[in-house]
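Predicted model only: the values in this text are computed from it and were never measured.
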Amino acid sequence: MNWAKNPLVRYALIIIPLILTAYQWIFHLPKSKDLIYNVNSIKEIDELETSFLYLILNFLILLGPFVLSFDKKVAFYKNWIPLFKAISVVGLFFIIWDVYFTFNNVWGF
């Protein structure tokens with residue numbers, strides 16, 4: 001039997017990371033005062049200091065898989081609906097994550 005087709009394995013690959021993340025949030029959530037450090041000694045890279053840095057990084061991260069998706073062996077272009085479902089599930093989780101940590105002053109944009 002192929003282990004990747006086993007529904008128990010497939011659900012475990014989704015549920016286990018969520019449980020571990022929830023455990024981390026509940027028992028080991030850092031306080032914002034613990035995350036403040038003096039980093040003045042680090043040389044600034046002015047070329048990367050832009051308000052569009054996060055958008056540029058997202059674009060570059062998606063560029064490689066998008067270009068490779070039209071390869072005949074990969075053929076992601078034939079499966080857009082499952083792709084967007086997967087992106088939505090993961091994206092929703094990390095958007096909630098970003099909003100929560102931004103609201104609690106752990107990080108900012």
Do you know the tightest heavy-atom contact between Pro17 and Ala12?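 Nearest pair, atom of Pro17 first, then Ala12: CD-O, 3.9 Å.
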Joint cluster assignment, [X] & [Y], ILVMFWY side-chain distance < 4.5 Å:
X	Y	value
Ile19	Ile26	no
Leu60	Leu55	yes
Ile81	Ile87	no

State which residues pass ring-ring contact (aromatic ring centres under 6.0 Å, His included) with Phe84; sequence neighbours excluded, sorted by chain then number.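 Only Trp80 meet the ring-ring contact (aromatic ring centres under 6.0 Å, His included) criterion with Phe84.
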Partners meeting ring-ring contact (aromatic ring centres under 6.0 Å, His included) with Tyr23 (sequence neighbours left out):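 Tyr23 satisfies ring-ring contact (aromatic ring centres under 6.0 Å, His included) with Phe27, His28 once adjacent residues are dropped.
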Could you check whether atom CZ of Phe93 has more than 12 heavy atoms from other residues, nucleotides or ligands sitting under 6.0 Å from it?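 It does: Phe93 CZ has more than 12 such atoms within range.
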Name of the residue among Ile14, Ile15, Leu20 meeting side-chain contact (heavy atoms from CB on, under 4.5 Å) with Leu18: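 The single option meeting the side-chain contact (heavy atoms from CB on, under 4.5 Å) with Leu18 is Ile14.
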Considering only heavy atoms from C-beta outward, does the side chain of Val106 approach that of Tyr100 to under 4.5 Å?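 The answer is no, as the side chains (C-beta and beyond) never meet within the 4.5 Å cut-off.
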